[in-house]
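Notes to accompany the following structure.
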Amino acid sequence: MATTLDNYFTPGWREQVHTCAACEWQGSARQMTMELHEDEAEFDCPECENPILLVVHPTLAQVQAAAAEGHPEALEQLEILAAAPRPD
């Protein structure tokens, strides 16, 4: 069963070592295969494709809160949102 991470801005989640329940492969999210879905990103074992980690996409409120705390990635995301064209 995959672990679900509800707070995208949790420090170090990309480097945390996980063990695949199916084949016992060990590694970080950076070493896994990522599938993007509407509400989350799924990180799968590179050996057997078993889902290991689900990372829920942050809401705008979560991005704003993390940016207010100085989180660099949240600040970058707010800059991207501010630069996006707005419908008239």
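The first residue of the sequence shown is numbered 1, and numbering continues consecutively from there.
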Beyond-backbone contact of Q26 with T19, side-chain heavy atoms, under 4.5 angstrom: yes

E69 side chain vs A66 backbone, donor-acceptor pair below 3.5 Å: no

Heavy-atom neighbours of E24 CD exceed 12 at 6.0 Å: no

D44 vs E35 side-chain heavy atoms within contact, under 4.5 Å: yes

Which atom of C20 lies closest to which atom of I52, heavy atoms considered: CB-CD1, 3.8 Å

Inter-residue atom distance M32.CE - E49.CD, 0.5 Å rounding: 14.0 Å

Side chain to side chain, L60 and L81, heavy atoms closer than 4.5 Å: yes

L5 side chain near T10 side chain, heavy-atom distance below 4.5 Å: yes

Min side-chain heavy-atom separation P58-F9 under 4.5 Å: yes

Closest approach of T33 to P46 (non-hydrogen atoms, all atoms of both residues): OG1-CA, 4.3 Å

Flag side-chain contact, heavy atom, 4.5 Å: F43 against P51: no

Expected output: side-chain H57 to main-chain Y8 donor-acceptor under 3.5 Å: no

Expected output: side-chain H37 to main-chain D39 donor-acceptor under 3.5 Å: no

Non-hydrogen side-chain atoms of V63 and L78 separated by less than 4.5 Å: yes

Q31 atom CD, neighbour heavy-atom count above 12 within 6.0 Å: yes

H18 (side chain) donor-acceptor with S28 (main chain) under 3.5 angstrom: no

Between CD on residue E42 and CE on residue M34, distance to nearest 0.5 Å: 11.0 Å

Check: W13 and N7 side chains under 4.5 Å, non-hydrogen atoms: no

Rounded distance (nearest 0.5 Å) linking atom OG1 of T4 with atom CD of E40: 7.0 Å

Distance-minimising heavy-atom pair for A2 and L54: CB-CG, 4.0 Å

Spatial distance of atom CG (L53) from atom CD (Q16) [nearest 0.5 Å]: 8.0 Å

